[in-house]
K.L.:
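For reference, the structure I am asking about is given below.
Numbering starts at 1 and runs along the sequence shown. Keep in mind that this is a model prediction, so the values were computed, not measured.
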Amino acid sequence: MLNEIFYSECAGCSTTIEPGKYLCRQCLETLPFVAERCESCGYPLEISASYCRNCSSNKFFDYLFIPFWYKGMVKEALKNLKFRYGFREISFFKYLTNFIECRADDYDFITPVPSHFLRKFRRFCHPADIIATTIAERYDKKKVEILKRRKYTKYQWQLKKNMRHVNVRKAFELREEVKDSKILLVDDIMTTENTLNECAKLLKSNGAFGVDCLVLSKGVFI
């Protein structure tokens, strides 16, 4: 009787599911997992490789952990959470962190890529915060907000590729001492990796000896 009154609908196909769930079992099986990646740097690939062009690029972070492609239900859930005030998506993203394979207990700090306070004001939550907090709690660590976004920037997806590095240049400042520390930098989506690279550059220029990035999803290849 209670199940008939209190129920949810699958966000993918509208099938009746248990309260608190986001997707039915069939839709969970269609999640866009990254199946292949570079063995050296973790960059998502269409074909597995021991070395990729990202390895030799001008990057400041050391390794990437990315479990999903930015498409399908992962894409829709992120859009709902960011732009449509979705509440159900919070528990869904906490669930998705189960598929992130990284040894978070190896890091001195787990920190999210920060949003500008104006953008936080428009949203009730920040996806990178949800992911970072969930991962930190799982490994009995504390999420620390090491970085602050010092200027308001346009969304990276609104810009041409050659303008994205300009958009985030000097957009961040340090809030904590990071000398000789190993840091796990967390975000929800990676496009051209300019945001991650700008954050990692700042952290390493201030003495961090290692910066790995944990990102929920990566834009698909075009």
K.L.:
Between S48, S50, C55, which is the residue that forms a side chain to side chain contact (heavy atoms under 4.5 Å, CB included) with C52?
P.N.:
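Exactly one option meets the side chain to side chain contact (heavy atoms under 4.5 Å, CB included) with C52, and it is C55.
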K.L.:
Please examine the side chains of E9 and I17, heavy atoms only from C-beta on, and report whether any two atoms are closer than 4.5 Å.
P.N.:
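Heavy-atom side-chain distance check fails, nothing below 4.5 Å.
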K.L.:
Do R149 and T195 have side-chain heavy atoms sitting under 4.5 Å apart?
P.N.:
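Touching, per the 4.5 Å side-chain cut-off.
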K.L.:
Nearest 0.5 Å, please: how far is CG in L23 from CG in L31?
P.N.:
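So the gap between those two atoms works out to 6.0 Å.
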K.L.:
Does D212 form a side-chain contact (heavy atoms from CB on, under 4.5 Å) with C102? I'd like the steps, not just the answer.
P.N.:
CA-CA 10 Å; D212 292 341; C102 73; over 6 Å; no
K.L.:
Find out whether C213 and F65 are in side-chain contact, i.e. whether some heavy atom of one side chain is under 4.5 Å from a heavy atom of the other.
P.N.:
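Result no, sub-4.5 Å side-chain heavy-atom pair not found.
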K.L.:
Write down the atom of I66, the atom of S217, and the distance for their closest heavy-atom approach.
P.N.:
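Scanning both residues completely, I find the closest heavy atoms to be CG2-C, 3.8 Å.
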K.L.:
Is it possible for you to check whether K59 lies under 6.0 Å from the centre of the six-membered ring of F61, through NZ or CZ, and within 45° of that ring's axis?
P.N.:
yes
K.L.:
Taking C-beta and beyond as the side chain, do P112 and K143 meet within less than 4.5 Å on heavy atoms?
P.N.:
yes
K.L.:
To the nearest 0.5 Å, how far apart are CD in E193 and SG in C199?
P.N.:
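Output value for this atom pair is 12.5 Å.
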K.L.:
Using a 6.0 Å cut-off, check whether atom NZ of K201 has over 12 heavy atoms from anything other than its own residue.
P.N.:
no
K.L.:
Between the side chain of S205 and the main-chain N/O of L202, is any donor-acceptor distance below 3.5 Å?
P.N.:
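Present.
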K.L.:
Restricting to non-hydrogen atoms, name the atom on I135 and the atom on L214 that form the minimum distance, rounded to 0.1 Å.
P.N.:
CG1-CD1, 4.2 Å
K.L.:
CZ of F68 to NZ of K218: how many Å apart, nearest 0.5 Å?
P.N.:
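Between atom CZ of F68 and atom NZ of K218 there are 16.0 Å.
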K.L.:
I need the L216 CG to W69 CH2 distance, nearest 0.5 Å.
P.N.:
13.0 Å
K.L.:
With no hydrogens and no angle check, is any side-chain donor or acceptor of D62 less than 3.5 Å from a backbone partner on V211?
P.N.:
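Checked: pair present.
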K.L.:
Counting C-beta onward and ignoring hydrogens, is there a side-chain heavy-atom pair between E145 and D129 closer than 4.5 Å?
P.N.:
yes
K.L.:
For G42 and R37, which heavy atoms make the closest approach, and how far apart are they?
P.N.:
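Of all heavy-atom pairs spanning G42 and R37, the closest is O-CB, 3.8 Å.
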K.L.:
Would you say that more than 12 heavy atoms from the other residues, nucleotides or ligands in this model lie under 6.0 Å from the NZ of K182, or not?
P.N.:
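It does: K182 NZ has more than 12 such atoms within range.
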K.L.:
Go through it in stages, so that I can follow the logic: the residues are V186 and V215, the test is side-chain contact (heavy atoms from CB on, under 4.5 Å), and I'd like the CA-CA distance, side-chain angles, deciding distance and then a yes or no.
P.N.:
CA-CA 6 Å; V186 180; V215 188; over 6 Å; no
K.L.:
Is the closest side-chain heavy-atom distance between Y107 and I183 below 4.5 Å?
P.N.:
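When only atoms from C-beta onward are counted, I183 and Y107 do not touch, as no gap falls below 4.5 Å.
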K.L.:
Do you know the tightest heavy-atom contact between D187 and I131?
P.N.:
O-CD1, 4.0 Å
K.L.:
Quick one: CG on N194 to OG1 on T192, what's the gap to the nearest 0.5 Å?
P.N.:
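N194 atom CG to T192 atom OG1 measures 3.5 Å (nearest 0.5 Å).
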K.L.:
Do other residues, nucleotides or ligands put more than 12 heavy atoms under 6.0 Å from the CG atom of N98?
P.N.:
yes
K.L.:
Is there a side-chain contact between L147 and L185, using heavy atoms and a 4.5 Å cut-off?
P.N.:
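Yes. Closest side-chain heavy atoms under 4.5 Å.
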K.L.:
Run the numbers on K141 and D108 for salt bridge (Lys or Arg N to Asp or Glu O under 4.0 Å), then give the verdict.
P.N.:
CA-CA 9 Å; K141 287 186 171 287; D108 299 298; over 6 Å; no
K.L.:
Before we go on, tell me: are the rings of Y22 and Y95 under 6.0 Å apart, centre to centre?
P.N.:
no
K.L.:
Counting C-beta onward and ignoring hydrogens, is there a side-chain heavy-atom pair between L64 and N54 closer than 4.5 Å?
P.N.:
yes
